[in-house]
Amino acid sequence: MRFALCNETFRETSLEDALRLTAELGYTGWEVAPFMLADHVDKISAEDRAAYRKTVENAGLEIIGLHWLLAGTEGLHLTTRDKATRERTTEYFQKLTHLCGDLGGHLMVLGSPVQRNRTEGQSAEEALANAAEVLRGVVPVLHERGVRIAIEPLGPEEGDFLNTAEEGCELIDAIGDDHIGLHLDVKAMSTEGEAIDKIIRRHADRMIHFHANDPNRLGPGMGDVEFEPIMAALRDVDYDGWVSVEVFDYSPGADALARESIENLRVAMGKV
């Protein structure tokens, strides 16, 4: 398993300093929230993309892909009944796929609950059908660029669409393409009422990416969730992808969050 860090951890740190610390701590992957680069993908020029990629790679890190795909955008939505909005959203995902490929990434995590929650009195079935339609339109570009979308279930406190791993798999099945897989997140899985290690084992054949964090919104091992069973489950299912640290409470400071998170993951791995 390889450890990565999400770039929004360093909201108040220069890119060069953030990359240097990340590499020094032993992370080898860098996961990018597009809103950290610009508020719209069209504002990220080819020159900017090449320069950003070079800076990350020169620091000894690999850009693994994107997450928070629709955060900070306007006029985009995954499940709405408005066809024009869905078409714009498909086009935006296509553009993000090109951004991901230009940066050297191969993965895009689809969370963004605000832009996917059910609207207009929709049923879960209608929302799923609309989401599948939007994402099918992205599939040809995914194949072209060698990028996969990882569907991220989120707990009910985040929204009302795709709250469980099982529901995420329903959307994956509705699209029916191997460039669409499952993302699992510890904070989100903590709301499912089933042991996290069991969820991992049950959905191992669909899982293509993993976020390590805690329901308290801090990093792995910084709350009540025990990570030894989680890391054991990842090992037992032969997961060879990235374990990315994604936090939401930045109050301890980027340095402390990054340092303690990878230390806790290593300790948990050592006990497996």
Side-chain angles (χ1 to χ4, degrees), residues 2-41 43-44 48-49 51-53 55-57 59 61-74 76 92-93 95-96 99-100 102-116 147 149-150 152 154-155 157-159 183-188 209-223 242-262 264-265:
R2 298 163 290 171
F3 298 135
L5 191 60
C6 293
N7 72 330
E8 74 274 11
T9 306
F10 295 97
R11 291 171 181 249
E12 300 179 1
T13 306
S14 72
L15 178 61
E16 290 75 12
D17 288 345
L19 294 170
R20 182 174 59 253
L21 175 63
T22 300
E24 288 174 353
L25 291 175
Y27 295 94
T28 55
W30 185 250
E31 190 168 327
V32 178
F35 68 77
M36 291 287 291
L37 307 185
D39 60 9
H40 194 285
V41 66
K43 296 181 180 179
I44 311 170
D48 290 340
R49 299 174 190 210
Y52 189 89
R53 177 176 179 175
T55 300
V56 175
E57 292 177 348
L61 298 172
E62 175 183 345
I63 295 178
I64 63 178
L66 311 176
H67 69 296
W68 279 115
L69 302 182
L70 301 180
T73 62
E74 296 182 359
L76 303 176
Y92 200 81
F93 281 136
K95 291 180 177 182
L96 286 174
L99 171 64
C100 185
D102 291 345
L103 294 177
H106 62 272
L107 187 82
M108 302 198 304
V109 179
L110 178 50
S112 302
V114 173
Q115 292 87 3
R116 78 184 199 197
V147 172
I149 288 179
E152 181 178 23
L154 295 169
E157 75 281 359
E158 303 288 349
H183 169 86
L184 292 179
D185 175 281
V186 172
K187 175 179 174 292
H209 194 48
F210 194 88
H211 274 167
N213 46 31
D214 189 273
N216 68 3
R217 304 173 69 82
L218 295 173
M222 299 177 72
W242 293 94
V243 175
S244 283
V245 172
E246 181 191 37
V247 303
F248 303 93
D249 179 353
Y250 308 104
S251 58
D255 187 308
L257 288 166
R259 187 179 305 276
E260 189 170 344
S261 292
I262 197 168
N264 292 340
L265 288 171

Below 4.5 Å, heavy atoms only, C-beta onward: do [X] and [Y] meet side chain to side chain?
| X | Y | value |
| --- | --- | --- |
| Tyr52 | Leu99 | no |
| Ile64 | His106 | yes |
| Asp249 | Asn216 | no |
| Val109 | Asp185 | no |
| Phe10 | Asp17 | no |
| His211 | Lys187 | no |
| Pro34 | Leu96 | yes |
| Trp242 | Thr28 | yes |

Quick check against the 3.5 Å criterion: does Ser261 have a side-chain atom that pairs as donor or acceptor with the backbone of Ala258?
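Side chain of Ser261 to backbone of Ala258: no pair is present.
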Please confirm whether the backbone N or O of Asp102 pairs with a side-chain atom of Arg53, one donor and one acceptor, at under 3.5 Å?
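Side chain of Arg53 to backbone of Asp102, a donor-acceptor pair under 3.5 Å: yes, one is there.
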Kindly determine whether His209 and Glu152 satisfy side chain to side chain donor-acceptor pair (under 3.5 Å), including the steps that lead there.
CA-CA 9 Å; His209 194 48; Glu152 181 178 23; over 6 Å; no
For Leu66 and Leu103: C-alpha separation, side-chain torsions, deciding distance, then whether side chain to side chain contact (heavy atoms under 4.5 Å, CB included) applies.
CA-CA 10 Å; Leu66 311 176; Leu103 294 177; 4.1 Å; yes
Nearest 0.5 angstrom please: [X] [atom1] to [Y] [atom2], how far?
| X | Y | atom1 | atom2 | answer |
| --- | --- | --- | --- | --- |
| Ile149 | Leu69 | CD1 | CG | 7.0 Å |
| Glu62 | Arg2 | CD | CZ | 6.5 Å |
| Leu154 | Leu110 | CG | CG | 9.0 Å |
| His67 | Cys100 | NE2 | SG | 12.0 Å |
| Leu25 | Arg20 | CG | CZ | 11.5 Å |
| Glu8 | Glu246 | CD | CD | 6.0 Å |

I'd like to know whether Glu158 forms a salt bridge (Lys or Arg N to Asp or Glu O under 4.0 Å) with Arg116, so could you lay out the CA-CA distance, the side-chain angles of the two residues, the decisive distance to 0.1 Å, and finally the verdict.
CA-CA 11 Å; Glu158 303 288 349; Arg116 78 184 199 197; over 6 Å; no
Which atom of [X] lies closest to which atom of [Y], heavy atoms considered:
| X | Y | result |
| --- | --- | --- |
| Leu76 | Tyr92 | CD1-CG, 3.5 Å |
| Leu19 | Val56 | CD1-CA, 3.8 Å |
| Asn264 | Pro220 | ND2-O, 2.9 Å |
| Leu218 | Pro252 | CD2-CG, 3.7 Å |
| Ser112 | Leu70 | OG-N, 3.0 Å |
| Asn7 | Ala33 | OD1-N, 2.8 Å |

Apply side chain to side chain contact (heavy atoms under 4.5 Å, CB included) to residues Val245 and Ile262 and explain how you reach the verdict.
CA-CA 8 Å; Val245 172; Ile262 197 168; 6.0 Å; no
Starting from the C-alpha separation in whole Å, work towards a yes-or-no answer on side chain to side chain contact (heavy atoms under 4.5 Å, CB included) for Trp68 and Met36.
CA-CA 10 Å; Trp68 279 115; Met36 291 287 291; over 6 Å; no
Under the side chain to side chain contact (heavy atoms under 4.5 Å, CB included) criterion, do Met222 and Leu257 qualify, and how do the steps go?
CA-CA 9 Å; Met222 299 177 72; Leu257 288 166; 3.9 Å; yes
Taking side-chain contact (heavy atoms from CB on, under 4.5 Å) as the definition, give me every residue that meets it alongside Asp48, ordered by chain and number, with sequence neighbours left out.
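In terms of side-chain contact (heavy atoms from CB on, under 4.5 Å), with neighbours along the sequence ignored, Asp48 is linked to Ile44, Ser45.
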